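Please read the structure below before turning to the comments.
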Amino acid sequence: MAGFMDWELAEVMLQGYPAAGAQRTKGKTGTGSPPAPLAYCERVPAEDESTFAPAAPEPEQRQLRFAYVAGVTPGKWIRRWEERMPHVPLRSFMSDGGAQVSVLRDGSADLSFVRLPVDREGLNVIPLYEEQPVVVAPKGHEISVFEEVALEDLAQETFLDADGLGGPEAALQVVASGAGLLVLPMSVARHFNVKDTVARRLTGAPGTEIALAWPSDATDEVIEEFIGIVRGRTAQSSRQPSAKVEKPKKEPKPDRRGTGAKKPKVAQRYAPNPDKGRGKGSRKKGKR
């Protein structure tokens with residue numbers, strides 16, 4: 001009997017206490033066979049075995065993307081944006097004339113600096129400024145002796161089409177070879193600055209215009225902020241979304257006069273002296 005109790009005690013110490021209400025069955029008396037297995041409490045998983053739900057993905061950070069055609073210099077607008085909206089990254093890239101609107105329709109850019117005219121369907125377009133036209137000729141051409149040339153004086157010259165030659169840069173290479181002249185915005189001619197060419201101001205030619213365009217259904221506060229920067233609004237302008245953020249109100253200063261009751265005013269016993277505070281002879285003497 002003592003041996004059986006020692007064996008049962010060892011089993012309890014190794015496997016734990018039996019669950020509440022568990023039935024224990026003993027072997028036959030006198031046979032010395034071990035009892036039937038006991039029903040124990042349910043196993044509790046360790047902390048490192050517990051399963052956790054996957055964390056929700058963080059929302060994508062808002063950023064602003066804009067495209068610009070050759071000749072546009074967006075550096076000043078980028079600097080102002082970084083000063084006012086440092087928490088919204090700004091991305092910019094150059095697009096050629098054929099893609100200046102398509103980058104808006106395919107979602108590659110939120111805004112685009114375009115050269116008018118463009119197809120305005122589904123777009124908001126704000127004209128910004130006009131560009132000065134120039135005539136580009138091969139180096140050594142007779143126009144190089146002038147600072148400004150009239151279009152009517154070049155009636156006998158051969159003019160090239162930049163779009164038909166694959167864009168302004170390729171057309172300027174053709175001009176450098178002496179094949180003809182080319183009319184471009186001054187900013188574009190300066191941007192590419194092809195060797196062996198000379199550019200002069202051109203009068204009497206229609207100018208071009210730069211505008212800012214964006215999809216009509218995509219206007220939000222971030223885009224409105226960028227539009228205001230481009231149009232020259234200050235950071236304190238009431239039309240800027242960033243200026244409409246309510247600033248925390250300052251707490252009122254504590255009353256230092258104390259909370260005690262004010263002393264009651266004492267009635268004046270005597271009439272005030274009219275001569276008080278005056279110098280000698282200030283009161284005129286008259287007959288009584």
Side-chain angles (χ1 to χ4, degrees), residues 66-78 92-105 108-109 111-214 216 226-227 229-232:
F66 73 89
Y68 59 95
V69 292
V72 175
T73 53
K76 60 181 179 180
W77 300 318
I78 294 176
S92 61
F93 61 92
M94 184 180 294
S95 62
D96 57 21
Q100 60 179 349
V101 173
S102 62
V103 293
L104 299 175
R105 304 196 189 280
S108 301
L111 305 102
S112 179
F113 290 93
V114 299
R115 184 168 283 112
L116 299 179
V118 295
D119 181 11
R120 303 193 179 198
E121 183 179 358
L123 300 176
N124 290 329
V125 180
I126 299 177
L128 298 177
Y129 59 89
E130 294 183 356
E131 296 177 296
Q132 170 66 46
V134 296
V135 57
V136 186
K139 192 173 182 180
H141 193 276
E142 60 183 6
I143 70 168
S144 60
V145 299
F146 302 99
E147 294 183 359
E148 189 175 88
V149 183
L151 181 61
E152 60 185 10
D153 295 336
L154 302 174
Q156 303 300 322
E157 297 288 344
T158 301
F159 286 91
L160 304 176
D161 181 16
D163 294 335
L165 294 174
E169 187 175 10
L172 286 170
Q173 297 293 343
V174 178
V175 171
S177 67
L181 307 185
L182 184 65
V183 177
L184 288 175
M186 180 183 290
S187 58
V188 177
R190 288 179 175 178
H191 174 77
F192 292 109
N193 193 22
V194 175
K195 188 179 179 181
D196 297 330
T197 60
V198 60
R200 292 294 182 264
R201 291 176 179 268
L202 184 64
T203 61
T208 53
E209 194 172 11
I210 294 296
L212 181 61
W214 71 96
S216 303
F226 186 79
I227 294 171
I229 290 176
V230 172
R231 303 194 74 175

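Just so you know, residue 1 is the first one in the sequence shown, and it goes up from there. Basis for what follows: all heavy atoms, side chains included, without hydrogens, waters or symmetry-related copies. For clarity, every value in this text was computed on a predicted model and none was experimentally measured.
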Reference residue L182; test side-chain contact (heavy atoms from CB on, under 4.5 Å); the match among L165, V135, V175: V175
Pairing residues for W77 by the side-chain hydrogen bond (donor to acceptor under 3.5 Å, both in side chains) criterion, not counting sequence neighbours: none
F66 side, atom CZ; L104 side, atom CG - distance, nearest 0.5 Å: 12.5 Å
Pairing residues for S177 by the side chain to side chain contact (heavy atoms under 4.5 Å, CB included) criterion, not counting sequence neighbours: V174, A179
Heavy-atom neighbours of F159 CZ exceed 12 at 6.0 Å: yes
From F146 atom CZ to H141 atom NE2, the distance as rounded to the nearest 0.5 Å: 10.5 Å
Test item: V114 and I210 side chains (from C-beta on) under 4.5 Å apart, heavy atoms: no
Please tabulate, for side-chain N and O atoms in residues 188-195, each donor-acceptor pair with protein atoms closer than 3.5 Å (sequence neighbours left out).
none

Derivation and outcome, side chain to side chain contact (heavy atoms under 4.5 Å, CB included), residues R200 and V136: CA-CA 7 Å; R200 292 294 182 264; V136 186; over 6 Å; no
Candidate pair T208 and L116, rule side chain to side chain contact (heavy atoms under 4.5 Å, CB included), full reasoning: CA-CA 7 Å; T208 53; L116 299 179; over 6 Å; no
Closest approach of G140 to S144 (non-hydrogen atoms, all atoms of both residues): C-OG, 4.4 Å
Non-neighbouring partners of Q132 that pass side-chain hydrogen bond (donor to acceptor under 3.5 Å, both in side chains), sequence neighbours left out: none
Interatomic distance, S92 atom OG to Y68 atom OH [nearest 0.5 angstrom]: 5.0 Å
Side chain to side chain contact (heavy atoms under 4.5 Å, CB included) evaluation trace for L181 with L160: CA-CA 6 Å; L181 307 185; L160 304 176; over 6 Å; no
Summary of salt bridge (Lys or Arg N to Asp or Glu O under 4.0 Å) pairs that have at least one residue in residues 113-126, sequence neighbours excluded: R105-D119, R115-E131
Pairs meeting criterion salt bridge (Lys or Arg N to Asp or Glu O under 4.0 Å) with involvement of residues 156-185, two or more places apart: none
